[in-house]
Amino acid sequence: WKEMSSFAGWNFIGCTAGLLKDQGVNILLNLFMGPIVNAARGIAVSVNMAVTGFAGNFMAAVNPQITKSYAVEDREYMFSLVERGARFSFYIILILALPILFETEFVLTLWLRHYPEHTVNFVRLVLILSLCDVISNTLITLQNSTGKIRNYQLAVGGMLMMNFPFSYICLKVGFAPESVFFVAIIVSICCLLLRLLFLRSMVGLSMSGFLRNVCLRAIIVTVVAVIVPVVLTDFADFQGWRRFLLIVFACLFCSLISVYFLGCSHNERSFIRRNMYALKYKFLTR
């Protein structure tokens with residue numbers, strides 16, 4: 001009972017930080033910019049929830065395995081799950097978000113016809129924020145598995161709370177409403193680094209290994225995936241469905257190719273091929 005109460009009490013800091021990050025920033029936008037800008041943020045959050053829901057389903061399968069591997073002290077498998085879970089969660093969101101990032105105006109026009117000012121920028125920034133946040137999901141699961149979250153919550157929860165005062169300062173001095181998302185992205189990166197520092201000292205997670213195997217690989221995959229869509233966006237002199245379908249196809253093709261060849265290890269590519277062959281055989285033998 002004492003351990004459970006302590007865990008819940010310290011976890012309250014993280015919940016409060018999350019509340020300030022979301023609802024607190026909503027209040028600030030409403031106070032400084034008015035309800036129209038707040039409505040734009042609501043639309044962006046709705047788009048983001050639709051995209052990130054797929055990664056949530058993936059994490060629902062990975063998280064229990066991380067907790068179980070920590071309980072049985074299978075460190076090698078645990079670290080492998082943490083890195084792979086972070087990478088593939090990022091890849092899932094990247095594949096789904098990339099077409100929206102390039103064709104935000106078309107998607108919003110198709111969905112709403114008319115939308116508030118700043119909505120396009122908000123949608124793009126909130127998707128980028130989700131790409132930053134999702135890398136930390138497996139780290140959060142591993143940290144919670146240890147049960148020792150006091151110092152972690154004081155540091156990471158305290159950093160997350162900085163979203164509110166920093167956003168207030170940006171809006172107070174007259175920055176554009178998009179500034180609150182830039183604040184959130186910077187804070188998210190700082191929290192990622194703090195989580196890595198805590199887990200390195202607590203469970204021996206390699207900080208350099210995670211940055212190399214997850215963060216660097218995610219950056220390389222993203223850069224390669226956007227090259228062709230960027231070129232097509234600059235040179236496509238037509239609009240409407242033709243442009244939208246062309247960009248969507250280019251984004252999906254390039255992101256999948258980039259993930260397969262640059263984002264996966266040799267063993268992961270072999271696993272994907274085996275499963276593809278199995279699905280093909282099952283389909284042909286029906």
Side-chain angles (χ1 to χ4, degrees), residues 8-60 63 86 89-90 92-93 96-97 100-101 104 108 111-112 115-141 143-144 149 152-173 175-195:
W10 291 114
N11 202 47
F12 178 76
I13 296 176
C15 296
T16 304
L19 190 65
L20 285 174
K21 176 185 175 183
D22 296 325
Q23 304 307 320
V25 172
N26 276 345
I27 294 171
L28 290 178
L29 286 174
N30 198 49
L31 288 173
F32 285 94
M33 300 295 174
I36 295 178
V37 172
N38 215 14
R41 187 180 189 277
I43 294 170
V45 171
S46 297
V47 174
N48 181 63
M49 289 176 63
V51 172
T52 56
F54 292 92
N57 294 332
F58 172 75
M59 290 306 302
N63 286 339
S89 296
F90 180 91
I92 291 170
I93 295 182
L96 296 173
I100 300 175
L101 288 170
T104 312
L108 290 174
W111 177 30
L112 300 171
Y115 48 85
E117 188 181 0
H118 301 288
T119 305
V120 172
N121 290 336
F122 281 9
V123 168
R124 287 170 174 164
L125 288 170
V126 79
L127 288 174
I128 293 171
L129 174 60
S130 291
L131 286 169
C132 295
D133 283 342
V134 76
I135 294 177
S136 292
N137 283 352
T138 54
L139 299 176
I140 295 171
T141 302
Q143 181 66 51
N144 288 336
I149 63 170
Y152 167 81
Q153 288 293 358
L154 286 173
V156 178
M159 176 59 70
L160 278 174
M161 287 183 181
M162 292 298 102
N163 272 289
F164 188 82
F166 288 161
S167 296
Y168 175 83
I169 293 171
C170 288
L171 295 175
K172 185 69 174 178
V173 299
F175 287 167
E178 286 84 355
S179 61
V180 301
F181 291 100
F182 287 109
V183 168
I185 290 169
I186 294 171
V187 169
S188 176
I189 294 171
C190 292
C191 288
L192 170 63
L193 296 175
L194 283 174
R195 291 182 181 109

Tell me if a side-chain donor or acceptor on [X] pairs with a main-chain N or O of [Y] at a distance below 3.5 Å.
X: Asn163; Y: Leu160; result: yes
X: Ser89; Y: Ala86; result: no
X: Asn48; Y: Ala44; result: no
X: Ser130; Y: Val126; result: yes

**OP:** May I have the step-by-step check of side-chain contact (heavy atoms from CB on, under 4.5 Å) for Val134 and Thr52, ending in yes or no?
**Re:** CA-CA 9 Å; Val134 76; Thr52 56; over 6 Å; no

**OP:** For the pair Thr138 and Met59, evaluate side-chain contact (heavy atoms from CB on, under 4.5 Å) and give the outcome as yes or no after the intermediate values.
**Re:** CA-CA 8 Å; Thr138 54; Met59 290 306 302; 3.4 Å; yes

What I'd like to find out is whether the side chain of [X] reaches to under 4.5 Å of the side chain of [Y], using heavy atoms alone.
X: Val183; Y: Met162; value: no
X: Tyr152; Y: Ile140; value: yes
X: Leu101; Y: Leu127; value: yes
X: Arg41; Y: Val45; value: yes

Original post:
Should the heavy atoms of other residues, nucleotides or ligands under 6.0 Å from CZ of Phe32 be counted, would the total exceed 12?
Top reply: yes

**OP:** Would you indicate whether Leu31, at its atom CG, is surrounded by more than 12 heavy atoms from other residues, nucleotides or ligands within a distance under 6.0 Å?
**Re:** yes

Just verifying a value: how many Å separate [X] [atom1] and [Y] [atom2], rounded to the nearest 0.5 Å?
X: Ile186; Y: Met159; atom1: CD1; atom2: CE; answer: 11.0 Å
X: Ile36; Y: Asn30; atom1: CD1; atom2: CG; answer: 11.0 Å
X: Asn38; Y: Ile43; atom1: CG; atom2: CD1; answer: 11.0 Å
X: Glu178; Y: Arg124; atom1: CD; atom2: CZ; answer: 11.0 Å
X: Lys172; Y: Ile169; atom1: NZ; atom2: CD1; answer: 11.5 Å
X: Ile135; Y: Cys191; atom1: CD1; atom2: SG; answer: 13.5 Å

Mind listing the closest non-hydrogen atom pair of [X] and [Y] along with its distance?
X: Ala176; Y: Leu171; result: O-CD2, 4.2 Å
X: His118; Y: Ala40; result: C-CB, 4.4 Å
X: Trp111; Y: Ser46; result: CH2-CB, 4.1 Å
X: Leu29; Y: Pro177; result: CD2-CB, 3.9 Å
X: Leu28; Y: Ser167; result: CD1-CB, 4.0 Å

Original post:
Could you go step by step and tell me if Ser188 and Leu129 meet the side-chain contact (heavy atoms from CB on, under 4.5 Å) rule?
Top reply: CA-CA 8 Å; Ser188 176; Leu129 174 60; 4.1 Å; yes

Original post:
Which class fits the ring pair Phe181 and Phe122: parallel under 30°, tilted 30 to 60°, perpendicular over 60°?
Top reply: tilted

Original post:
Please walk me through it: do Tyr115 and Val120 pass side-chain contact (heavy atoms from CB on, under 4.5 Å)?
Top reply: CA-CA 9 Å; Tyr115 48 85; Val120 172; 3.8 Å; yes

Subject >> Test applied, side-chain contact (heavy atoms from CB on, under 4.5 Å); reference residue, Val123; option that passes from Leu125, Asn121, Thr119 >> reply: Thr119

